2 protein chains.
Amino acid sequence: MNKRRITSKELAKLAGVSSATISRAFSPDSRIGSATRDRILSVAREHGYQPNAIARSLNNQRSRLVALVVNAIGNPCEAEEQQLLVHRLQARQLLPIILCCADHDDRLQLMRLASTYQVDHVVVFSDMVSMQDAVDIFHTTKPIIVSFEPLENENVSNIRIDGSAAADEIIEKIVNDGKKRFAYLSGTKSSWIDKLRRKWFADALAKRGLAIEAEAFGDYTYDSGFKEAVLLLHRSKVDAIICGNDVMAIGARDAARRLLGKNTPDDIAIVGQDGIAMAAWDCNDLTTLSLDHVAFIDAVVDLIERHDADLPGPHSITLTCNARWGSTA
Amino acid sequence: MNKRRITSKELAKLAGVSSATISRAFSPDSRIGSATRDRILSVAREHGYQPNAIARSLNNQRSRLVALVVNAIGNPCEAEEQQLLVHRLQARQLLPIILCCADHDDRLQLMRLASTYQVDHVVVFSDMVSMQDAVDIFHTTKPIIVSFEPLENENVSNIRIDGSAAADEIIEKIVNDGKKRFAYLSGTKSSWIDKLRRKWFADALAKRGLAIEAEAFGDYTYDSGFKEAVLLLHRSKVDAIICGNDVMAIGARDAARRLLGKNTPDDIAIVGQDGIAMAAWDCNDLTTLSLDHVAFIDAVVDLIERHDADLPGPHSITLTCNARWGSTA
DNA sequence: TCCGTTTGTGTAATCGTGTACACAATCATG
DNA sequence: CATGATTGTGTACACGATTACACAAACGGA
């Protein structure tokens, strides 16, 4: 128990071959006699030998580690994608290292630490990280996979999201229902993706001679949605709130209903963004601007695979969002 | 751009020293002239040098990687703990590798893959993994940190949870409210922790001459909570459902309310377990048997630190749960 | 001044694989 | 049967750091 892991050289001695042959036995297509391989694999199983991935990485210059930079783990607005991606990576024998950090400086520090582990790929889900920072830190690794922010850089692939059409549909419906005064509740003060999303709705409103009348900033959590909605509804008479994500929308809905007795969709319309599973729960039934998570992760995985196969150049993929109708708008 | 990472030997040449001295410059307490260190660090910064953690790990026999075995990432019943733990690990310069897999065989395969990376610690959050499997796979690493299942093994530290008192309180209240017929909705068919939790409630009922009348099995998700509650309520006339976690409880509540018009707590009592943040949201307001997540993760981190410092022997810590009152029971 | 201790640095081995190269044995082919 | 291709294996080095050991210089106390 607790004894040292057996090494390839030791196994070589046990099997009466050289350590090179051990290595070959574990490489799918390498010149080795099938009898030798079988014998080695059997001896290996017997002694619990597994090649040391750290040593292999050092030699290969490939760690098969992937850094996932995320805002938070708990927040459902990202969790579904994280979950999907982790599964897909694991199926490809890639191991995800999670980097998750609230504070800006810490996050850079953390990314530097991860870069030290020679990660093969980097996926940035967090909108709190500037792509330039990511490139500076990981420029020695091969191209970076980015989720949203486009950046002119040979190392950066990205995925663009277009929700303008869906936002237009949603605004159309709400305006037809007689609502006129819109508020936008952002998820962050200054993230690239948040501004983009806001613009989709602002454009749809402008098209109809309307505008965002009131504005607030949260942090993508239920509590912030609740709190900011209360403040918002006290200081202005809006009858529709577009929220930066679904969780904040649920918070805003609760605040309106509980503290001000306003119900959706009659008294007030509330719209979320992301299209997480929870938004469709019976108790929420949210109208939301939804992104197809599977398609999204498919795209990410596609970029990673291109990258893993050393295919040239970064790529860009565009996905469009859909409206998902609930009873809140 | 995209140029190879500079190596310690190259930096040594640039700084006019040997590579050993480079290494010393990056080791906090090693014999090196402070002038030399400053010069090296400055040259290093200039050329973007960072020691290669893979190479260091190979030499050190310490990877500073931690494997986190979890049921799922998206499910809030674990997510809060995962989030907390990841933060705490990162603060200690430990990088978490997430292992998350639905299928049993895949999970073992995955754990083997991770063991290959010489992880320093293993935290098993998942109740789907037998501790014996974990020990077999990771026996070459130093002791394993385990969350729940106790196992007599010199490599396994664990955290025991005691919710019997809190379960008793909750049952007391529900019985006082006039409920008599209890159902238990499990999270899994055969996990150690699930049986333990069920026992807390069964004992509390037995003390009052009652018993679990009906039973069902879900998978810790909202959908399974919803679906199983419908089946349960159709086949038996229970007036209280104890659920394996909060998310299933929310599903069960929705099912009762929507499909059968039964409201909590008057028509039916519903109890969750975990005490996740979402349970306290205004729209849920769940009564739940809650575990203090911070205390829990403190305990995990404590075990890891002991372990990291090579302190002898595995340890065991017991935490007690509390009742958290909402309007569902 | 002399000797023992401390300080700073270089040399070389080590961690566990993968693989280029060399070479012997086997095989196919005419 | 001769020859060239193919197959199987061993030797030796590389990957990039850490560290035991050696040694020179500086230093302190008598």
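In this text, all values refer to a predicted model and were calculated from it rather than measured experimentally. Here is how names work: the chains are called A, B, and so on, in the same order as the sequence lines, proteins then strands, and each is numbered from 1.
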Discussion item. Starting the side chain at C-beta, find the nucleotide from C/dG10, C/dT14, C/dG16 nearest to B/V17.
Written reply: C/dG10
Fill in: D/dA14 OP1/OP2 closer than 4.0 Å to side-chain N/O of A/Q61
no
Practice prompt. Could you verify whether a donor N or O on one side chain and an acceptor N or O on the other, from A/R62 and A/S57, lie under 3.5 Å apart?
Written response: no
Discussion item. What is the separation between atom CZ on A/R64 and atom P on C/dT17, rounded to the nearest whole Å?
Written reply: 17 Å
Discussion item. Heavy-atom nearest nucleotide on DNA chain D for B/A55 versus B/R31: which residue maps closer to 5'?
Written reply: B/A55
Worksheet item: What pair of heavy atoms forms the shortest contact from B/E81 to B/I297, and how long is it?
Response: O-CD1, 3.6 Å
Item to complete: Please report, rounded to the nearest Å, how far the P atom of C/dC15 is from the CD atom of B/Q118.
Response: 14 Å
Worksheet, complete the sentence: Side-chain contact check for A/S23: nearest option of C/dT19, D/dA17, D/dT9 is C/dT19
Worksheet item: D/dA17, C/dA12, C/dT17: which one has an atom nearest the side-chain heavy atoms of B/P51?
Response: D/dA17
Fill in: Integer-rounded Å distance: C/dG8 P and B/D29 CG
14 Å
Worksheet item: Just how far, in rounded Å, is C1' of D/dT19 from CZ of B/R62?
Response: 16 Å
Fill in: Phosphate contact (D/dA17 OP1 or OP2) by B/T7 side-chain N/O below 4.0 Å
yes
Worksheet, complete the sentence: Correct closest heavy-atom pair for B/T116 and B/L113 would be CB-O, 2.9 Å
Worksheet entry | Under-4.0 Å side-chain N/O to phosphate OP1/OP2 contact, A/T36 with D/dG8 | no
Worksheet item: Separation of A/K13 atom NZ from C/dG16 atom P, in whole Å?
Response: 13 Å
Worksheet item: Choosing from D/dT19, C/dG18, C/dG16, which nucleotide comes nearest the side chain of B/L58?
Response: C/dG16
Discussion item. Quick check: any donor-acceptor pair below 3.5 Å linking the side-chain of A/R24 to the base of D/dG10?
Written reply: yes
Worksheet item: What nucleotide among D/dT11, D/dT19, C/dG18 has an atom nearest to a side-chain atom of B/N60?
Response: D/dT19
Item to complete: Ignoring hydrogens and angles, tell me if any N or O in the side chain of A/R92 forms a donor-acceptor pair with the backbone of A/H87 under 3.5 Å.
Response: no
Discussion item. Please confirm whether the shortest side-chain N or O distance from A/S8 to OP1 or OP2 of C/dT17 is below 4.0 Å.
Written reply: yes
Worksheet item: Does A/V66 offer a backbone N or O that forms a donor-acceptor pair with the side chain of A/D120 under 3.5 Å?
Response: no
Practice prompt. May I have the distance from A/I40 (atom CD1) to D/dG10 (atom P), rounded to whole angstrom?
Written response: 8 Å
Item to complete: Take the protein atom CD of A/Q50 and the nucleotide atom P of C/dG18, then report the distance between them rounded to whole Å.
Response: 12 Å
Worksheet item: So, B/S191 side chain and B/T188 main chain: donor-acceptor pair closer than 3.5 Å or not?
Response: no
Practice prompt. Look at the side-chain N and O atoms of B/Y49 and state whether any lies under 4.0 Å from the OP1 or OP2 oxygen of D/dA17.
Written response: yes
Practice prompt. Could you please name the option among C/dG10, D/dG16, C/dG18 that lies closest to any side-chain atom of B/T21?
Written response: C/dG10
Item to complete: Check whether the side chain of A/N52 and the base of C/dT17 form a donor-acceptor pair under 3.5 Å.
Response: no
Discussion item. I need the CD1-C1' distance between B/I32 and D/dT18, as an integer number of Å.
Written reply: 14 Å
